[in-house]
Amino acid sequence: MALTVALIGSGAIGSRIAELLDAGNAPGIQLAGFVPHGDAGTGFSFDEALDVADVVVECAGVGAVAEFGPRVISAGRDLLVTSIGALCDGTLRKTLLDDGPGRTFLTSGALGGLDAIAAAAAGGSIHRITVESRKLPAALIQPWMDGETKKGILATTHPVELLRGGPADMIKAFPKSTNVVSALAVAAGDWDVVEAALIADPAAKQTSHHVVAETSLGTLEVRVTNQASPDNPASSALVPHAVVRGLKTLANASGTFI
Ligand SMILES: NC(=O)c1ccc[n+]([C@@H]2O[C@H](COP(=O)([O-])OP(=O)(O)OC[C@H]3O[C@@H](n4cnc5c(N)ncnc54)[C@H](O)[C@@H]3O)[C@@H](O)[C@H]2O)c1
């Protein structure tokens with residue numbers, strides 16, 4: 001099935017998705033354009049995206065999901081979200097997941113095992129999910145940190161736990177780096193069952209996520225180490241490929257895992 005896609009976000013993830021689509025990695029799926037950030041003119045507007053695209057892919061940040069997401073689905077277009085942390089906002093979550101007529105999909109992004117956790121949640125109950133994420137210190141510096149804090153994190157020679165908490169705590173403090181925590185909550189169908197720890201680790205040449213999900217149908221343990229995106233050390237090189245895989249599934253490609 002042919003599918004026309006518009007992208008919100010032309011950073012590390014968005015530009016790589018565009019490259020993959022242009023290179024013919026997903027036959028039948030064509031890119032209509034990028035929705036510009038603010039006033040940056042690209043000759044393509046959000047309104048045009050709603051006119052021509054079957055699917056609008058958000059790869060811009062949690063703010064962009066709130067700004068554009070409800071309008072995408074109310075226009076009857078499908079929305080594919082990478083910044084899943086935006087769903088920590090219960091009102092926005094309800095709008096995106098329950099209203100229509102467009103549908104909201106979430107990328108598996110940097111993580112694996114979400115399908116099995118969702119299946120366990122559907123067929124049983126989720127007792128507890130823990131996730132420990134490790135990233136290079138420089139990738140975790142945030143605008144709200146004061147100079148001393150930044151200096152301490154950058155100079156650390158051993159792993160330092162920066163934050164421990166639930167999806168909303170994590171996304172508020174580290175909005176670009178903790179979307180996987182919210183993804184686990186969506187998979188579990190429970191925003192209170194996930195406990196995350198974020199660690200700045202000078203030895204973490206690759207970002208890692210260690211997930212343990214204890215469920216009534218068994219225990220699932222997933223350990224993922226991700227190559228960083230060459231364009232953004234805070235982002236994972238796997239994510240654009242996960243998005244393109246999702247688009248292929250939406251286009252009814254045969255042989256995909258669903
Ligand atoms: N689900 C996952 O596993 C996962 C993993 C990594 C990143 N992410 C999400 O993907 C997002 C994008 O990652 P990236 O590495 O490409 O970031 P990036 O900083 O390289 O690029 C973000 C792009 O979005 C644009 N942008 C920001 N706000 C916008 C808006 N309101 N309208 C239009 N464009 C806007 C920026 O100008 C920039 O081009 C991250 O912010 C994060 O929330 C999710």
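As the structure lists them, so they are numbered: ligands from 1, and atoms in each ligand from 1. We use all heavy atoms of the structure for the numbers below, so side chains are in, but hydrogens, waters and symmetry mates are not. Counting begins at 1 with the first residue of the sequence.
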Quiz prompt | Least distance between heavy atoms, Ala75 atom then Leu50 atom | solution = CB-CD1, 4.0 Å

Exercise. Grab the two heavy atoms, one from Ser216 and one from Gly124, that are nearest each other, plus how far apart they are.
Key: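 The pair with the smallest heavy-atom distance is OG-CA, 3.2 Å.
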
Return the closest protein heavy atom for [atom] as residue, atom name and distance.
{"atom": "atom 40 (C) of ligand 1", "value": "Ser83 OG, 4.1 Å"}
{"atom": "atom 21 (O) of ligand 1", "value": "Gly11 CA, 3.2 Å"}
{"atom": "atom 36 (C) of ligand 1", "value": "His37 ND1, 3.7 Å"}
{"atom": "atom 24 (O) of ligand 1", "value": "Ala60 CA, 3.3 Å"}
{"atom": "atom 15 (O) of ligand 1", "value": "Ser235 OG, 2.8 Å"}
{"atom": "atom 4 (C) of ligand 1", "value": "Thr82 O, 4.0 Å"}
{"atom": "atom 13 (O) of ligand 1", "value": "Ile13 CD1, 3.4 Å"}
{"atom": "atom 41 (O) of ligand 1", "value": "Gly61 CA, 3.5 Å"}

Per-atom contacts, ligand 1 versus [X] - under 4.0 Å to a heavy atom:
{"X": "Asn232", "answer": "14 (P), 15 (O), 17 (O), 18 (P), 19 (O), 20 (O)"}
{"X": "Glu67", "answer": "31 (N)"}
{"X": "Val239", "answer": "5 (C), 6 (C)"}
{"X": "Lys176", "answer": "19 (O), 41 (O)"}

Quiz item: Which is closest to atom 22 (C) of ligand 1 by heavy-atom distance: Ala237, Gly14, Cys59?
Solution: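 The option holding the nearest heavy atom is Cys59.
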
Quiz prompt | Same apolar cluster: Leu7 and Val243, side chain cutoff 4.5 Å | solution =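 Same cluster: Leu7 reaches Val243 through Ile, Leu, Val, Met, Phe, Trp or Tyr contacts under 4.5 Å.
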
Quiz prompt | Cluster link Phe174 to Leu111, ILVMFWY, side chain under 4.5 Å | solution = yes

Should [X] be listed as contacting ligand 1, given a heavy-atom distance under 4.0 Å as the test?
{"X": "Ser10", "answer": "yes"}
{"X": "Leu111", "answer": "no"}
{"X": "Phe34", "answer": "no"}
{"X": "Ala183", "answer": "no"}
{"X": "Ser15", "answer": "no"}

Exercise. Answer side chain, backbone, both or neither: which part of Pro36 comes under 4.0 Å from ligand 1, heavy atoms only.
Key: backbone

Self-check item: Atom pair OG1 (Thr249) and CZ (Phe257), whose distance is rounded to the nearest 0.5 Å
Solution: 10.5 Å

Exercise. Look at atom NZ of Lys150 and say whether more than 12 heavy atoms of other residues, nucleotides or ligands are closer to it than 6.0 Å.
Key: yes

Under 3.5 Å, which donor-acceptor pairs link side chains of residues 196-204 to any protein atom two or more places apart or in another chain?
unit_1, atom_1, unit_2, atom_2, d
Asp201, OD1, Ala203, N, 2.8
Asp201, OD2, Arg134, NH1, 3.0

Quiz item: Quick one: are the ring centres of Phe34 and Phe44 less than 6.0 Å apart?
Solution: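 No: the rings miss the under 6.0 Å criterion.
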
Self-check item: Residue pair Gln227 / Ser236, side-chain donor-acceptor N/O under 3.5 Å
Solution: no

Quiz item: Do you see a donor-acceptor pair shorter than 3.5 Å between the side chains of Thr149 and Asp146?
Solution: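 There is such a pair (donor and acceptor under 3.5 Å, judged by atom type) between the side chains of Thr149 and Asp146.
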
Quiz item: Are any side-chain N or O atoms of Arg77 and backbone N or O atoms of Ala53, one a donor and one an acceptor, separated by less than 3.5 Å?
Solution: yes

Quiz item: Would you say Ala12 has any N or O atom under 3.5 Å from an N or O of ligand 1, going by distance alone?
Solution: yes

Exercise. Output yes when the distance from some N or O of ligand 1 to some N or O of Val180 is under 3.5 Å, and no in every other case.
Key: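 It does not: no N or O of Val180 is found under 3.5 Å from an N or O of ligand 1.
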
Self-check item: Test applied, side-chain contact (heavy atoms from CB on, under 4.5 Å); reference residue, Leu3; option that passes from Leu250, Leu21, Asn252
Solution: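 That would be Leu250; it is the only one of Leu250, Leu21, Asn252 passing the side-chain contact (heavy atoms from CB on, under 4.5 Å) with Leu3.
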
Practice problem: Please lay out, stage by stage, how Val81 and Leu79 fare under the test side-chain contact (heavy atoms from CB on, under 4.5 Å). | Solution: CA-CA 6 Å; Val81 174; Leu79 173 70; 3.7 Å; yes

